[in-house]
Amino acid sequence: MDIEVIEKAYRRYAQGYDLYFGAVLQPGRRAVIRRMAPRGGERILEVGVGTGLSLPLYPHDTQVTGIDVSTDMLTRARQRRARHDLVHVVALRRMDGERMAFPDDSFDKVVAMYVVSVAPDPVRLVNEMRRVCASDGMLYIVNHFRNANPVVSGCERLIAPFSRAMGFRPDFPLEDFLRETRLDVAERVPVNAFGYWTLLCAHNNKATLPNRRDLRN
Ligand SMILES: C[S@@+](CC[C@H](N)C(=O)[O-])C[C@H]1O[C@@H](n2cnc3c(N)ncnc32)[C@H](O)[C@@H]1O
């Protein structure tokens with residue numbers, strides 16, 4: 001998958017997104033923000049903010065920046081910000097999470113909700129999240145990973161060849177993701193219906209972050 005594929009897919013999904021993925025994935029969004037326990041003045045970055053379904057959940061004394069590659073999804077996030085007068089949402093920008101324009105250490109907490117199995121290069125995305133997050137900051141990722149149940153994971157493998165058309169990878173193994181990103185995971189929590197999705201809370205341990213120059217290519 002590449003950015004053009006993602007944009008095309010989410011141009012299609014944007015209109016019905018809240019109806020299909022709003023309520024059903026909201027417990028996971030709530031769980032992330034509960035674990036995050038945002039404090040007043042904290043700078044929070046949400047990568048792949050989509051239509052902004054999580055934005056009303058942040059306390060109003062935080063400073064939330066959202067980025068996304070899909071203009072259509074962002075338009076809806078901006079409408080939500082205006083509709084609910086979300087003064088804590090300081091910026092909503094079109095930006096690739098794998099090549100962010102923010103300087104190092106710009107945020108206290110960085111989160112990606114249901115994004116890592118959509119992004120073209122999840123490892124690069126996580127490396128960028130770590131670069132822009134402060135050294136003593138925290139990272140939060142909620143996503144569906146390959147199911148442990150062999151019947152379910154068999155179905156996921158079956159539909160994997162249609163990833164491009166669907167705009168996400170249904171067959172995404174957590175072990176590979178953790179090994180390749182070298183995330184310093186502090187907590188792993190099952191969320192949403194049947195615990196089918198996983199919330200990861202990780203310390204931003206920069207010691208394992210690859211060389212800056214490697215990330216810029
Ligand atoms: C499944 S949606 C999740 C949206 C939102 N986080 C939510 O909770 O509903 C995935 C979003 O990630 C965005 N996305 C995918 N790859 C991205 C990247 N490399 N940089 C920024 N956004 C990306 C897509 O455009 C889409 O809006």
Side-chain angles (χ1 to χ4, degrees), residues 1-36 44-58 64-81 86 89 91-102 106-107 109-133 139-145 162-170 172 177 181 191-193 196-200 215-217:
M1 286 197 289
D2 50 44
I3 289 297
E4 287 73 35
V5 172
I6 308 293
E7 277 195 277
K8 205 169 143 204
Y10 282 90
R11 198 170 304 141
R12 247 185 5 246
Y13 290 147
Q15 200 178 353
Y17 188 87
D18 291 3
L19 183 64
Y20 297 113
F21 302 106
V24 73
L25 300 181
Q26 199 66 349
R29 298 185 188 98
R30 285 189 195 286
V32 172
I33 295 173
R34 229 183 359 256
R35 283 287 186 308
M36 192 186 272
I44 298 164
L45 172 66
E46 192 172 321
V47 176
V49 67
T51 62
L53 284 158
S54 60
L55 296 176
L57 304 175
Y58 292 96
V64 179
T65 296
I67 65 162
D68 204 289
V69 285
S70 165
T71 312
D72 297 76
M73 296 289 271
L74 274 178
T75 298
R76 284 171 167 76
R78 291 189 180 116
Q79 288 165 348
R80 191 184 308 278
R81 173 173 60 178
L86 304 176
V89 182
L92 289 169
R93 295 176 60 178
R94 189 192 172 281
M95 197 186 291
D96 181 357
E98 295 174 27
R99 292 164 186 77
M100 292 193 236
F102 305 116
S106 295
F107 299 95
K109 290 171 178 167
V110 181
V111 54
M113 305 190 197
Y114 314 112
V115 179
V116 291
S117 60
V118 171
D121 185 341
V123 177
R124 188 180 175 118
L125 183 87
V126 171
N127 286 339
E128 269 293 86
M129 289 172 66
R130 294 170 67 185
R131 180 184 69 74
V132 301
C133 184
L139 306 156
Y140 302 85
I141 291 169
V142 62
N143 215 85
H144 167 66
F145 296 95
F162 305 105
S163 296
R164 266 180 86 88
M166 295 187 297
F168 70 95
R169 294 176 204 83
F172 191 53
F177 177 70
T181 55
V191 293
N192 292 330
Y196 193 61
W197 286 259
T198 303
L199 163 59
L200 301 169
L215 294 176
R216 292 270 174 231
N217 294 329

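When a ligand or atom number is given, it counts from 1 through the structure's own listing order. Just so you know, these numbers use all the heavy atoms, side chains as well, and skip hydrogens, waters and symmetry mates.
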Protein residue, atom and distance nearest to atom 23 (C) of ligand 1, heavy-atom basis: Val69 CG2, 3.7 Å
Expected output: side-chain Arg80 to main-chain Pro56 donor-acceptor under 3.5 Å: no
Ligand-residue contact atoms, ligand 1 with Val115, heavy atoms, under 4.0 Å: 12 (O)
Other residues, nucleotides, ligands: >12 heavy atoms within 6.0 Å of Gln15 CD: no
Ligand 1 versus Asp68: contacting region, heavy-atom distance under 4.0 Å: both
Backbone of Val115 reached by a side-chain donor or acceptor of Asn143 within 3.5 Å: yes
Protein residue, atom and distance nearest to atom 9 (O) of ligand 1, heavy-atom basis: Tyr17 OH, 2.7 Å
Which of the ligand 1 atoms, numbered from 1, are nearer than 4.0 Å to a heavy atom of Ser70: 25 (O)
Atom 16 (N) of ligand 1 - nearest protein heavy atom and its distance: Ala119 CA, 3.6 Å
Ligand 1 atoms in contact with Met113 (distance to a heavy atom under 4.0 Å): 3 (C), 5 (C), 6 (N), 8 (O)
For Met95, the ligand 1 atoms whose distance to one of its heavy atoms is below 4.0 Å: 20 (N), 21 (C)
Nearest-contact summary for atom 19 (N) of ligand 1 - protein heavy atom, Å: Asp96 OD1, 2.9 Å
Asp68 side chain to Leu74 backbone, donor-acceptor under 3.5 Å: no
Flag, side chain of Arg124 to backbone of Glu98, donor-acceptor distance under 3.5 Å: yes
Arg131 side chain to Met100 backbone, donor-acceptor under 3.5 Å: yes
Per-atom contacts, ligand 1 versus Ile6 - under 4.0 Å to a heavy atom: 15 (C), 24 (C), 25 (O)
Atoms of ligand 1 close to Met73 [distance to a heavy atom under 4.0 angstrom, numbered from 1]: 27 (O)
Electrostatic pair Arg29-Glu46, nearest N-O below 4.0 angstrom: no
Distance filter under 4.0 Å to Val118 heavy atoms, resulting ligand 1 atoms: 15 (C)
Polar contact flag, side-chain donor to acceptor under 3.5 angstrom, Gln79-Arg76: no
Residue and atom name of the nearest protein heavy atom (relative to atom 5 (C) of ligand 1), distance in Å to one decimal: Gly48 O, 3.4 Å
Which of the ligand 1 atoms, numbered from 1, are nearer than 4.0 Å to a heavy atom of Gly97: 18 (C), 19 (N), 20 (N), 21 (C)
Spacing of CG belonging to Leu125 relative to CD1 belonging to Ile141, to within rounding of 0.5 Å: 7.5 Å
Pro120-ligand 1 polar pair, N/O distance under 3.5 Å: no
Aromatic ring proximity, centroids under 6.0 angstrom, Tyr13 and Tyr17: no
Nearest option to atom 8 (O) of ligand 1, as decided by whichever heavy atom of His144, Arg29, Glu98 sits closest: Arg29
Part of Ile3 with heavy atoms under 4.0 Å of ligand 1, whether side chain, backbone, both or neither: side chain
Which residue and heavy atom of the protein sit nearest atom 10 (C) of ligand 1, plus the separation: Tyr114 O, 3.5 Å
Ring center gap for Phe172 and His144 short of 6.0 angstrom: no
